[in-house]
2 protein chains.
Amino acid sequence: MGKKTMISMAVVRRLPKYYRYLGELLRNDVERISSKELSERIGFTASQIRQDLNNFGDFGQQGYGYNVRALYEEIGKILGLNKHYNTVIVGAGNIGQAVANYTNFERLGFHLLAIFDRNPKLIGISIRDKVIQDVDNLEEFLKSNHVDIGIICVPKEQAQKIADIFVRCGIKAIWNFAPTDLNVPDDVIVENVHLSESLLTLSYRLNEAELFKEKIGR
Amino acid sequence: MGKKTMISMAVVRRLPKYYRYLGELLRNDVERISSKELSERIGFTASQIRQDLNNFGDFGQQGYGYNVRALYEEIGKILGLNKHYNTVIVGAGNIGQAVANYTNFERLGFHLLAIFDRNPKLIGISIRDKVIQDVDNLEEFLKSNHVDIGIICVPKEQAQKIADIFVRCGIKAIWNFAPTDLNVPDDVIVENVHLSESLLTLSYRLNEAELFKEKIGR
DNA sequence: TAGATTGTTAATCGATTAACAATC
DNA sequence: TAGATTGTTAATCGATTAACAATC
């Protein structure tokens with residue numbers, strides 16, 4: 001009996017962490033693991049682990065636990081890692097170059113097809129065998145190449161314009177590093193990486209105790 | 001009357017977004033805004049906005065709404081942006097360099113003191129006027145300089161070792177870009193940026209509909 | 001079989017939304 | 001004052017945890 005209900009984002013965001021921990025267990029030749037043991041390592045409750053996994057199927061076995069390799073592979077499939085994705089990066093500045101050079105993504109099945117920038121000083125330079133192309137060629141490129149994921153690494157002022165091109169060319173998933181929110185149709189998925197929001201969260205937490213000490217004093 | 005209760009992370013993670021939107025309004029010379037108007041722009045409900053802000057104080061005025069500048073500044077203070085932070089980056093690879101070059105952080109009050117790496121080819125090179133130093137000098141440096149935030153951009157195998165040095169030298173906040181979880185004492189805050197988890201979340205969502213189509217077929 | 005551990009239901013907890021009295 | 005909009009309480013919704021029967 002299949003469940004058609006969409007999975008909550010809270011669950012989805014834990015999946016990559018399961019995958020990472022199971023990969024480590026696998027590399028350490030651990031064959032089986034109970035939700036209780038995994039709980040102690042990963043820091044979620046055993047109950048939550050069982051609930052999470054049961055969203056996708058019955059991967060465990062009573063009295064035994066979970067087979068590490070089988071579960072690792074199942075979660076890999078759930079995450080879509082049995083597939084291959086073509087990506088392009090737009091913006092070859094610091095972050096664009098960092099993402100381009102992160103070879104681990106290639107290993108996971110994310111294949112970088114091309115990099116674009118509008119800066120003449122960068123156009124023509126190679127990053128990992130990819131010549132940086134003029135962003136004016138982006139739309140044409142997307143029309144003649146199938147791209148699954150568009151990666152935006154341009155300044156925030158240009159981000160929406162690039163997103164519009166992506167949408168127009170049928171890209172359904174955008175990985176956005178620009179510090180802004182993108183407007184896209186409902187069928188296009190945007191995953192944001194907002195570094196400065198992460199840093200501000202850190203500075204908030206660093207000051208939190210103090211913040212409320214002052215309040216109490218009032 | 002001050003509230004001493006800690007704020008939930010759900011609320012905290014929305015604060016930087018409020019700050020960003022208020023900054024934009026300010027730049028567009030918007031003087032006042034109601035929770036309803038802000039709701040339409042930022043995408044949170046008006047009710048949630050009022051609840052969130054009331055965790056920190058009474059910033060609004062009945063019948064008027066919120067003064068944009070005042071609220072912007074208040075949230076800035078809440079986020080700790082009225083203070084100045086010294087940071088160091090360990091790991092001068094792609095991500096380390098990208099973070100070092102992100103000058104916007106400087107503008108927010110995060111001052112980069114030094115960059116470290118263990119690669120002799122990188123040691124001695126300058127990034128934004130900072131000479132990359134040998135990581136063997138890290139501990140000594142931290143003992144003679146006050147550092148608020150340690151930024152980890154080394155491969156995952158070395159990340160815990162660096163975190164241990166940070167903790168030993170009294171650093172209370174770590175911004176971790178290594179794809180691993182760090183073990184630190186309770187009084188040390190870790191903020192993770194796990195790029196590959198973000199990418200896997202994206203690929204999950206790209207495949208979600210399909211995943212459950214298959215399930216139903218069974 | 002007995003012990004272990006899952007899958008799953010029920011209970012709890014926390015976060016979001018709705019409603020409205022207070023008040024500018 | 002009348003209208004608008006907050007601050008805040010109450011209701012709802014969703015996510016996590018606890019409990020335990022099912023079963024390997």
Side-chain angles (χ1 to χ4, degrees), chain A residues 1-15 17-18 21-22 25 30-72 74-75 78 201 204 215 218, chain B residues 1-15 17-18 21-22 25 30-72 74-75 78 201 204 215 218:
Chain A
M1 182 192 50
K3 291 167 191 163
K4 68 221 149 292
T5 39
M6 286 281 163
I7 304 302
S8 80
M9 276 305 280
V11 175
V12 173
R13 295 218 173 268
R14 284 193 290 269
L15 292 175
K17 194 167 170 183
Y18 286 119
Y21 273 79
L22 288 163
L25 289 169
V30 178
E31 249 180 45
R32 71 185 190 92
I33 194 154
S34 67
S35 58
K36 182 158 173 291
E37 276 176 285
L38 185 56
S39 162
E40 280 152 17
R41 293 171 184 258
I42 206 170
F44 308 147
T45 64
S47 199
Q48 182 166 64
I49 291 169
R50 296 201 299 278
Q51 288 275 26
D52 282 352
L53 298 179
N54 272 90
N55 282 301
F56 301 100
D58 297 3
F59 300 140
Q61 200 171 52
Q62 282 99 330
Y64 173 88
Y66 300 87
N67 177 284
V68 172
R69 180 179 299 277
L71 186 58
Y72 176 75
E74 282 292 345
I75 295 181
I78 291 166
T201 302
Y204 169 83
K215 289 240 153 169
R218 273 185 202 161
Chain B
M1 179 193 52
K3 292 169 189 161
K4 68 220 150 291
T5 39
M6 286 281 163
I7 306 300
S8 80
M9 275 306 280
V11 175
V12 173
R13 296 218 172 270
R14 283 192 291 269
L15 293 175
K17 196 168 168 181
Y18 287 118
Y21 273 80
L22 288 163
L25 289 169
V30 178
E31 248 181 47
R32 70 184 190 93
I33 193 153
S34 67
S35 58
K36 183 158 172 292
E37 277 175 285
L38 185 55
S39 162
E40 279 152 18
R41 294 171 183 257
I42 205 170
F44 308 147
T45 65
S47 197
Q48 182 165 65
I49 291 169
R50 295 201 301 277
Q51 286 275 25
D52 282 353
L53 298 180
N54 271 91
N55 282 301
F56 301 98
D58 297 3
F59 301 139
Q61 199 170 55
Q62 281 99 329
Y64 172 88
Y66 300 87
N67 178 283
V68 172
R69 180 179 299 277
L71 187 56
Y72 176 76
E74 283 293 344
I75 295 181
I78 291 166
T201 302
Y204 170 83
K215 289 240 153 172
R218 273 184 201 162

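Proteins get letters first, then strands, A, B, ... in listed order; numbering begins at 1 in each. Note that the coordinates shown come from a computational prediction; the quantities given were computed from them, not determined experimentally.
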Residues A:L25, A:L38; criterion side chain to side chain contact (heavy atoms under 4.5 Å, CB included); working and verdict: CA-CA 10 Å; A:L25 289 169; A:L38 185 56; 4.2 Å; yes
Quick one: [X] [atom1] to [N] [atom2], roughly how many Å, whole number?
| X | N | atom1 | atom2 | result |
| --- | --- | --- | --- | --- |
| A:L53 | C:dT8 | CG | C1' | 14 Å |
| A:I49 | D:dT16 | CD1 | P | 12 Å |
| B:M9 | D:dT16 | CE | C1' | 18 Å |
| A:N55 | C:dG7 | CG | C1' | 12 Å |
| B:N54 | D:dT5 | CG | P | 16 Å |
| A:I7 | D:dG14 | CD1 | P | 14 Å |
| B:R13 | C:dA15 | CZ | P | 14 Å |
| B:D52 | D:dT6 | CG | P | 13 Å |

Between A:Y66 and C:dG7, is there a side-chain N or O to OP1/OP2 distance below 4.0 Å?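 Looking at the OP1 and OP2 atoms of C:dG7, one of them is under 4.0 Å from a side-chain N or O of A:Y66.
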Is the phosphate of C:dA15 approached by B:S8 (side-chain N or O, under 4.0 Å from OP1 or OP2)?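 Checking C:dA15 against B:S8, a side-chain N or O does come within under 4.0 Å of OP1 or OP2.
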Charged tip of A:R32 within 45° of A:Y64 ring normal and under 6.0 Å: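 Judged by the rule, A:R32 and A:Y64 form a cation-pi pair.
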Going by heavy atoms in the side chains, are [X] and [Y] under 4.5 Å from each other?
| X | Y | answer |
| --- | --- | --- |
| A:I75 | A:L71 | yes |
| B:S34 | B:Y66 | no |
| B:Q61 | B:N67 | no |

Just grab all the salt bridge (charged side-chain N to carboxylate O under 4.0 Å, His left out) pairs involving residues 42-62 of chain B, residues at least two apart or on different chains.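 Residue pairs passing salt bridge (charged side-chain N to carboxylate O under 4.0 Å, His left out), neighbours aside: B:R14-B:D52.
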Give every pair of a protein N or O atom and an N or O atom of nucleotides 20-24 of chain C that lie under 3.5 Å apart, one pair per line with the distance.
| from | atom 1 | to | atom 2 | distance (Å) |
| --- | --- | --- | --- | --- |
| C:dC24 | O3' | B:Q61 | NE2 | 3.0 |
| C:dC24 | O2 | B:Q62 | O | 3.3 |

B:E31 atom CD: more than 12 heavy-atom contacts under 6.0 Å: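 Count not over threshold, so no.
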What residues form a ring pair (Phe, Tyr, Trp, His ring centres under 6.0 Å) with A:Y18, not counting sequence neighbours?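 Result, ring pair (Phe, Tyr, Trp, His ring centres under 6.0 Å) vs A:Y18: A:F44.
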Check if the side chain of B:Q51 and the base of C:dT17 share a donor-acceptor pair of N or O atoms closer than 3.5 Å.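 Indeed there is one.
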Side chain to side chain contact (heavy atoms under 4.5 Å, CB included) between A:K36 and A:I49, intermediate numbers included: CA-CA 9 Å; A:K36 182 158 173 291; A:I49 291 169; over 6 Å; no
How does DNA chain C look in dot-bracket notation if pairs are Watson-Crick or G-U with both distances under 3.5 Å, crossing ones as [ ], other-strand ones as |? ..||||||||||||||||||||||
Suppose we screen for side-chain hydrogen bond (donor to acceptor under 3.5 Å, both in side chains). Which residues come up paired with B:R41, at least two apart in sequence or across chains?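 B:R41 satisfies side-chain hydrogen bond (donor to acceptor under 3.5 Å, both in side chains) with no residue once adjacent residues are dropped.
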Using a 4.0 Å cut-off on heavy atoms, which residues in residues 32-48 of chain B reach DNA chain C? List them by number, or say none.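 Going residue by residue through residues 32-48 of chain B, the ones with a heavy atom under 4.0 Å of DNA chain C turn out to be B:T45, B:S47, B:Q48.
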Exercise: identify the closest heavy-atom pair between A:Y204 and B:I78: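 Heavy-atom minimum between the residues: CD1-O, 3.2 Å.
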